[in-house]
Amino acid sequence: MARNITSRTEDYSQWYLDIIKVAELADYAPVRGCMVIRPTGYALWESIQRHFDDAFKETGHVNAYFPLLIPNSFLEKEAEHVEGFAPECAVVTHAGGEELEEPLIVRPTSETVIGHMYSKWIQSWRDLPILINQWANVMRWEKRPRLFLRTSEFLWQEGHTAHATREEAMEETLKMLEVYRRIMTDILALPVIPGEKTEGERFPGAANTYTCETMMSDKKALQAGTSHFLGQNFAKAFEIQFQNQDGNLEYAWTTSWGASTRLIGAIIMTHSDDDGLILPPRVAPVKVAILPISTDDEMIASTLLPKAAEISAQLDSRLGGRFTVVDKQFHLRPGDRFFSHLQRGVPLRIELGEKELASGTARVVRRDTGAKVDIPLDALAERIPQLLEEIHTALYEKALAFRKENTRFVSGYEEFKSAIEEQGGFVETFFAGTSDDEKKIKEETGATARCMPLESSETGVCMLTGKTGARRTLFAKAY
RNA sequence: CGGGGCGUAGCGCAGUCUGGUUAGCGCACCUGCUUUGGGAGCAGGGGGUCGAAGGUUCGAAUCCUUUCGCCCCGACCA
């Protein structure tokens, strides 16, 4: 149906890129791996930000800003951390026309500089906990960039907290994972599986890493957000110490957690179809497009536009924000106007023409199903918000059903290999291998351990090593 | 970084093998008229340093060298 979008079945990657282009979410920048987030895409990011930021504030966090440039030596203070990040760091060697004495790293993440600051700020148990979040850009020089999913520079938030006890830090780690899960499911309509990362997939420098894993419509997995329990690793590296109530010095326990513009990629690849973008209503910057349609200019000016403006104002006030637009692209034919909103993923379209005025109704069309209903004008304020909610639920349920259809359990490695190869999707099994075992599985099947789902505490026999007490683990090919 | 493909108008492509007037086509864009409820029709028009730099040649989109970028598949990652 869409003539400017490659179909998903023909070429999934191209479909993804076509969606971004047609919906004007982003464009390539002159520097390899970098992207320009265009106004439509940025509006979506702002909407995502707002939901997350509100949730961070509700859980007691405050925002701050730490610098882009980090002394090279900072990165080296935590052994695993430097090993993990050094290969993908951009380094500033010259400034002010001179070579710098110490190279500066463009932050790939901010644990080190924040750790440094925390060590200055924290002396007593009374200074804890520190609960700070920052919205920032970071840079990771990726070999194979992909719009939104993996760009050299990307936008995200990174929360960094310090606590007096292990228990409290662990509680924070899991609390923020739950915040991610809630927003992803309730706002972005993404069914996610919260779980713990295996040893091989852990954040460099973390004691435990937790993740929200989600399935894209090509059955591949995407890590949509992570929360790390850093133990005392960074506290020891950066001397984050405090005097406890007994007068003894102790290292603090820290956490970090982040979610990025990759979420936009997740939204695209979870909900959209061959006609273009489909946005979950609760996060869509434009929720309703109202289109006055007539061949009669006089009719448009005197009746349809004022009526459209009235409906728009009514709905905005009902929805609590500027979430509707009145389409005034009268130089286009109706079909083109429909498509312009459809391809941008606007959840609902209201058509307002002579027919509607005569019958006192408006034609309302759902983006997700294409279903059309005629709704009495005086019932719009009531029905539109309900319809938006129905769309949210439908999108979520559809994605969840898709994930369930494409998730299976296996108990042996041979069965595992054929499941990955033949059906794809998520494969659950019991696993107790090392990170070398994980590498081997990746080499042989292309699949990686995505997480050990939190909802299951069940243990069994490892599919690879035969060890007992193995945790239930989800594997898949991933982005 | 390895393997493969591709760079010609905003987008999609032909032309390249076999060098030769003024570089074409479709869509998009602009103007006008007719149209208008799921991607309109006719007429006219604008838009190109043929990815870049060197070289060969009387002459290069076309041949040679180098280089940059994009896409796909791997290795590496949010």
Side-chain angles (χ1 to χ4, degrees), chain A residues 1-6 10-18 21-22 24 27-35 83-89 108-109 137-158 180 197 200-204 209 211-214 221-228 256-266 275-276 291-297 299-300 304 329-343 349-358 362-363 365 370 372 374 439 442-443 446 448 477-479:
Chain A
M1 193 163 158
R3 61 190 183 195
N4 50 1
I5 298 176
T6 308
E10 193 188 317
D11 184 342
Y12 195 84
S13 291
Q14 193 56 51
W15 166 81
Y16 174 76
L17 295 168
D18 287 347
K21 173 182 276 186
V22 166
E24 297 179 349
D27 204 349
Y28 292 102
V31 176
R32 175 189 156 77
C34 295
M35 68 172 166
E83 195 185 325
F85 282 108
E88 47 188 275
C89 282
T109 178
N137 57 341
V138 286
M139 180 158 274
R140 298 180 188 179
W141 214 255
E142 299 293 350
K143 306 278 194 229
R144 199 172 150 196
R146 207 158 143 67
L147 292 180
F148 289 115
L149 298 179
R150 194 181 301 102
T151 46
S152 295
E153 181 190 11
F154 59 91
L155 305 184
W156 75 345
Q157 60 69 216
E158 47 180 325
Y180 285 162
K197 284 290 187 187
E201 298 288 327
R202 204 176 284 153
F203 176 79
T209 288
T211 175
C212 286
E213 292 291 322
T214 177
L222 185 80
Q223 176 176 310
T226 49
S227 184
H228 314 292
S256 68
W257 25 276
S260 72
T261 36
R262 172 181 266 191
L263 284 169
I264 294 175
D275 289 331
L291 288 78
I293 295 170
S294 172
T295 53
D296 180 349
D297 292 346
M299 168 76 139
I300 290 171
L304 295 181
Q329 303 176 92
F330 297 112
H331 61 289
L332 298 180
R333 297 163 53 78
D336 291 312
R337 295 169 68 197
F338 296 163
F339 272 89
S340 75
H341 299 286
L342 187 151
Q343 297 200 312
R349 178 174 84 232
I350 299 180
E351 299 170 17
L352 200 62
E354 297 168 36
K355 290 178 204 164
E356 282 76 14
L357 285 189
R363 163 140 305 187
V365 187
K372 300 170 180 175
D374 293 316
K439 269 185 199 149
K442 167 123 199 228
E443 272 163 29
T448 50
K477 291 185 181 172
Y479 278 99

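It should be emphasised that the depicted structure is a prediction, and the values quoted were computed from it without experimental measurement. Chain naming here is simple, since letters A, B, ... match the order of the sequence lines and numbering starts at 1 in each.
Where A:N4 and A:P204 meet RNA chain B, the nucleotide closest to each residue was compared, and A:N4 sits on the side nearer the 5' end. Comparing A:Y479 and A:L332 against RNA chain B, the residue whose closest nucleotide sits nearer the 5' end is A:L332.
When both pairing distances are held under 3.5 Å, B:C76 makes no Watson-Crick or G-U pair with any nucleotide shown. With both pairing distances under 3.5 Å, B:U18 is matched to nothing as a Watson-Crick or G-U wobble pair. Summarising the base pairing, B:U36 is matched to no nucleotide, lacking a Watson-Crick or G-U wobble pair whose two defining distances lie under 3.5 Å. Pairing partner, B:C27: B:G10, with both Watson-Crick or wobble hydrogen-bond distances short of 3.5 Å. When both pairing distances are held under 3.5 Å, B:G48 makes no Watson-Crick or G-U pair with any nucleotide shown. Pairing of B:C70, defined by two Watson-Crick or G-U wobble distances under 3.5 Å, is identified with B:G5.
As a whole-Å value, the separation of A:I293 CD1 from B:G38 P is 8 Å. Remark: P of B:C77 and CD of A:E142 are 9 Å apart, rounded to the nearest angstrom. Atom-to-atom, CG of A:D336 to C1' of B:C29 comes out at 13 Å; the value is rounded to the nearest Å. The separation between A:Q343 atom CD and B:G39 atom C1' is 9 Å, rounded to whole Å. Note: CG (A:D297) to P (B:U35) measures 13 Å, nearest angstrom. When rounded to the nearest whole Å, the span between CZ of A:R363 and C1' of B:G37 equals 8 Å. Put simply, CG on A:L357 is 17 Å from P on B:G37, counting in whole angstrom units. Taking atom CG of residue A:L342 and atom P of nucleotide B:G39, one finds them 12 Å apart after rounding to whole Å.
The side chain to side chain donor-acceptor pair (under 3.5 Å) pairs that include a residue from residues 137-147 of chain A are A:R107-A:N137, A:N137-A:E153, where partners are two or more places apart or lie in different chains.
Under the stacking definition used here (centres under 5.5 Å, planes under 30°), the residue A:F339 qualifies as stacked on the base of B:G39.
For a distance-only test at 3.5 Å, the side chain of A:E351 fails to qualify as a donor-acceptor partner of the base of B:G38. If you check distances only, the side chain of A:R337 never reaches the base of B:G37 with a donor-acceptor pair under 3.5 Å.
One P atom belongs to B:C68, the other to B:C25, and the distance between them is 35 Å to the nearest Å. The same atom, C1', is picked in B:U22 and in B:G59; the two are 15 Å apart, to the nearest Å. Here the separation of B:A28 from B:G47, taken at their C1' atoms, is 12 Å to the nearest Å. The gap from the C1' atom of B:A43 to that of B:G38 amounts to 27 Å, rounded to the nearest Å. Comparing the P positions of B:A52 and B:U62 gives a spacing of 10 Å, expressed to the nearest Å. The same atom, P, is picked in B:G51 and in B:A61; the two are 10 Å apart, to the nearest Å. A distance of about 15 Å separates the C1' atoms of B:G12 and B:C70, rounded to the whole Å. Annotation: B:A23 and B:U16 have their C1' atoms spaced 12 Å apart (nearest Å).
In this structure the side chain of A:Y180 never reaches within 4.5 angstrom of the side chain of A:T211, judged on heavy atoms. Between A:R337 and A:P292, the closest side-chain pair of non-hydrogen atoms falls below 4.5 Å. When side chains are defined from C-beta on, A:T109 counts as touching A:W156, because their heavy atoms get closer than 4.5 Å. Using a 4.5 Å heavy-atom cutoff, the side chains of A:V365 and A:F338 are not in contact. The side-chain heavy atoms of A:F148 and A:M35, taken from C-beta on, include a pair separated by under 4.5 Å.
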Short N/O separations, protein against nucleotides 67-75 of chain B, under 3.5 angstrom:
from: B:C70; atom 1: OP2; to: A:R32; atom 2: NH1; distance (Å): 3.1
from: B:C71; atom 1: OP1; to: A:Y28; atom 2: OH; distance (Å): 2.5
from: B:C72; atom 1: OP1; to: A:S13; atom 2: OG; distance (Å): 3.4
from: B:C72; atom 1: OP1; to: A:R146; atom 2: NH1; distance (Å): 3.1
from: B:C73; atom 1: OP2; to: A:R144; atom 2: NH2; distance (Å): 2.3
from: B:G74; atom 1: N7; to: A:R144; atom 2: NH1; distance (Å): 3.4

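Take A:S340 and apply the side chain to side chain contact (heavy atoms under 4.5 Å, CB included) test, not counting sequence neighbours, and it matches A:D327, A:Q329, A:R344. Take A:E88 and apply the salt bridge (Lys or Arg N to Asp or Glu O under 4.0 Å) test, not counting sequence neighbours, and it matches no residue. In this view, A:R202 satisfies the salt bridge (Lys or Arg N to Asp or Glu O under 4.0 Å) rule with no residue, not counting sequence neighbours.
Between A:W15 and A:Y12, the two ring planes are tilted [angle within 30° to 60°].
Between A:R150 and B:C77, a side-chain N or O to OP1/OP2 separation shorter than 4.0 Å is absent.
Contact annotation for A:L222: no contact, since no heavy-atom pair falls under 4.0 Å across all strands. Contact annotation for A:V365: base contact, defined as any heavy-atom pair under 4.0 Å involving a base atom. The residue A:E158 sits apart from the nucleic acid: no heavy atom pair falls under 4.0 Å. Nucleic acid contact for A:S340: none, since no nucleic acid atom lies under 4.0 Å from a heavy atom of the residue. Using a 4.0 Å heavy-atom cutoff across all strands shown, A:G353 reaches at least one base atom of the nucleic acid.
In the displayed structure, A:E83 atom CD is contacted under 6.0 Å by at most 12 heavy atoms of other residues, nucleotides or ligands.
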Given protein heavy atoms under 4.0 Å, the one-letter contact record of nucleotides 7-14 of chain B, with B base, S sugar-phosphate only and - none, is simply ----S---
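A:T261 places a side-chain N or O within donor-acceptor distance of the main-chain N or O of A:L155, the cut-off being under 3.5 Å.
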